[in-house]
> 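The following block contains the structure, expressed as structure tokens.
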Amino acid sequence: MSLEDELLKQRLCRIREIEALGFRPYGARFEFTHEIPGILAGYGSKTAEELAPEVRVRIAGRLMTKRLMGKAGFAHLQQNGERLQMYVKKDAVGERDFQLFQLLDMGDIVGVEGYLFRTRTGELSVHVEKLEFLSKTLLSMPEKFHGLEDVEIRYRQRYLDLIANPEVRKVFVTRARIIASLRRQLEDRGFIEVETPMMQPLYGGAAARPFVTHHNTLDIDLYLRIAPELYLKRLVVGGLERVYEINRNFRNEGLSTHHNPEFTMLEFYQAYTDYRGLMDLSAELLAQAAVDAAGTTQIEYEGQKLDFGGLQRYSMREAVVQFWQGDGRPSLEQVSDRGWLLHHSDKLTPGEALTDIFERRVEEQLIQPTLIYDYPVETSPLSKNKPDDPAFVERFEIYAAGMEIGNAYTELNDPQEQRRRFEMQLSMRERGNEEAHQMDEDYVRALSYAMPPAGGEGIGIDRLTMILTGSRSIRDVILFPLLRPEGPIDMINLLREYDKL
RNA sequence: GGGCCGGUAGCUCAGGUGGUAGAGCAUGUGCCUUUUAAGCACAGGGUCGCGGGUUCGAGUCCCGCCCGGCUCACCA
């Protein structure tokens, strides 16, 4: 018999022993008086004398350590990522509860009642007087000292990662704080949250390849959305002048430390403003999100100090000049010159070439939070032209730590111009650009009912969370990142086999 | 998809040049009523990712495949 089987069998047998003592192996409701983090916060600095008169507590948690010494023992209970020690003495808990204590495995969930005290070595602990059994683990916990290191198991069995590695829990708590911060800030400014279709008959709002799915009754193919943009702007037409959505987008592309096929975006639209207005709003949103997540706008990421207290601003052409590495740094005139641009890229138009050069030579240099504005019209089919330079549009992206984390523009609200843009995208599609935009006729129809001038922006929640939590990989900020399915697990067979016992 | 690295006990990891698979934690038994990576003694536990090949003999060398990580390409 393998060890794993043996451990499982041992624990299944132990269920009978727990029952024989009069406990339920999968217990019921437990009325607690305190939670462990609260006890540590409230009494962690109290001396032994200050713990008198007795502070009585009833707490529950998962058993993480156990040191049995004959007729007494110590153990740690973990709850919400924090641990409190308990001292279980036979004289204090009685024969039956002490037998239960002896039977406990690491990972079992128990409740205890007793009073707070400090041990001889000074650790705040519960002097236990009563034990209750709440839930039985059948499988062994990760090793107590190193925790769970195997990244594959960490991602596949995130519950184990959360139990064994308290810092992982902190990352996801911080992620929740970031989202709450952005939501609160937008609500405070009069934005309302909406939900728009994830399954769309036409996909749009970004340049990406979609996932396809099928609806049986209607017998139509649908695309998982690559962006909510076109629906949110329909709502602006309809008079929802400040709307936002925080939800998933799906892009059928490669995986990397910066890309997961499903990822979370905040998108918001504000009527009667433009990209200049959004630049200021972005700076405020990010600074406050940093403070809410990390307590400061000074963020350390990968050994670099990032300051979210303000955003540097460069036009795309300025950025190419400013951040050019090595020989041949161009002048501002050159980055506006068709010949120079086409000579430095194999793209077909000056605008695509400029974007290509920017992405290749500049993007990864943008460590400090930076706004890059004024994009070529070819790569921005939904943004409004600059009045004095129609080859460019009023668009900016936000970069930090070499990653794009935001994208915003003055929304194109001229249906005639939008029609021409879609036609330009269709011709790019015909030339082989699979990611060029589809024609969305209802969207053009919506614009034909007049959309107020508006600014719109998307912020990548996963990447922002990476930066604000010091995470190297996007998989470390997504609870269940996409992985290939694992092989046979064989849990059901084992349980079925030992059900006879 | 390409390149590099990894997969050995439930967990964390060792295993020059090929020669009967190891440690710590965890598990079992015994001792131990303020320990804390508790301690002491003894014991059990392995499809060395999978499949071929070379060899008298493969965890180790060769080939193919699976899973993961990093990286490049693609992308946000």
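Naming convention: chains lettered A, B, ... in sequence-line order (proteins, then strands); numbering from 1 in each chain.
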> Please determine, for the side chain of A/D150, which listed nucleotide (B/C67, B/A26, B/U12) has the closest atom?
B/U12
> In whole angstrom, give the distance that lies between atom CE of A/M69 and atom C1' of B/G30.
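For the pair A/M69 CE and B/G30 C1', the rounded distance is 17 Å.
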> Taking only residues two or more places apart in sequence, or in another chain, which ones meet A/R67 in a side chain to side chain donor-acceptor pair (under 3.5 Å)?
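Testing A/R67 for side chain to side chain donor-acceptor pair (under 3.5 Å), a comparison that skips the adjacent residues, returns A/T65, A/Q85.
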> Which sits closer to the 5' end of RNA chain B, A/E143 or A/H76, going by the nucleotide each is nearest to?
A/E143
> Looking at A/E123 and B/U34, is any side-chain donor or acceptor paired with a base atom of the opposite kind under 3.5 Å?
no
> If the cut-off is 4.0 Å, is A/R14 near the phosphate of B/G28, judged by side-chain N/O to OP1 or OP2?
yes
> Using purine N1 to pyrimidine N3 plus N6-O4 or O6-N4 for Watson-Crick, or N1-O2 and O6-N3 for G-U wobble, both under 3.5 Å, which nucleotide pairs with B/G51?
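Per the H-bond distance test, B/C63.
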> Side-chain N or O of A/R463 versus OP1/OP2 of B/A76: is the shortest distance under 4.0 Å?
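Indeed not, no polar side-chain atom of A/R463 lies that close.
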> Using purine N1 to pyrimidine N3 plus N6-O4 or O6-N4 for Watson-Crick, or N1-O2 and O6-N3 for G-U wobble, each under 3.5 Å, what pairs with B/G45?
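By the stated definition (distances under 3.5 Å), nothing pairs with B/G45.
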> Sort out the partner of B/G39 for me: Watson-Crick or G-U wobble, both distances under 3.5 Å, none otherwise.
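With both distances under 3.5 Å, B/G39 matches B/C31.
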> Quick one: does NZ or CZ of A/K89 land under 6.0 Å from the six-membered ring centre of A/F101, within 45 degrees of the ring axis?
no
> On the side chain of A/R120, is there an atom forming a donor-acceptor pair with the base of B/U34 - under 3.5 Å, no angle test?
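Absent.
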> Is the distance from OP1 or OP2 of B/C70 to the nearest side-chain N or O of A/R472 less than 4.0 Å?
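For A/R472, the contact criterion (side-chain N or O under 4.0 Å from OP1 or OP2 of B/C70) is not met.
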> Start at the 5' end of RNA chain B and walk down; is the nucleotide closest to A/P261 or to A/L68 reached first?
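Mapping each residue to its closest nucleotide by heavy atoms, the 5'-most match is A/L68.
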> Tell which nucleotide pairs with B/C56, taking only Watson-Crick or G-U wobble pairs whose two distances are both under 3.5 angstrom.
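Partner of B/C56: B/G19.
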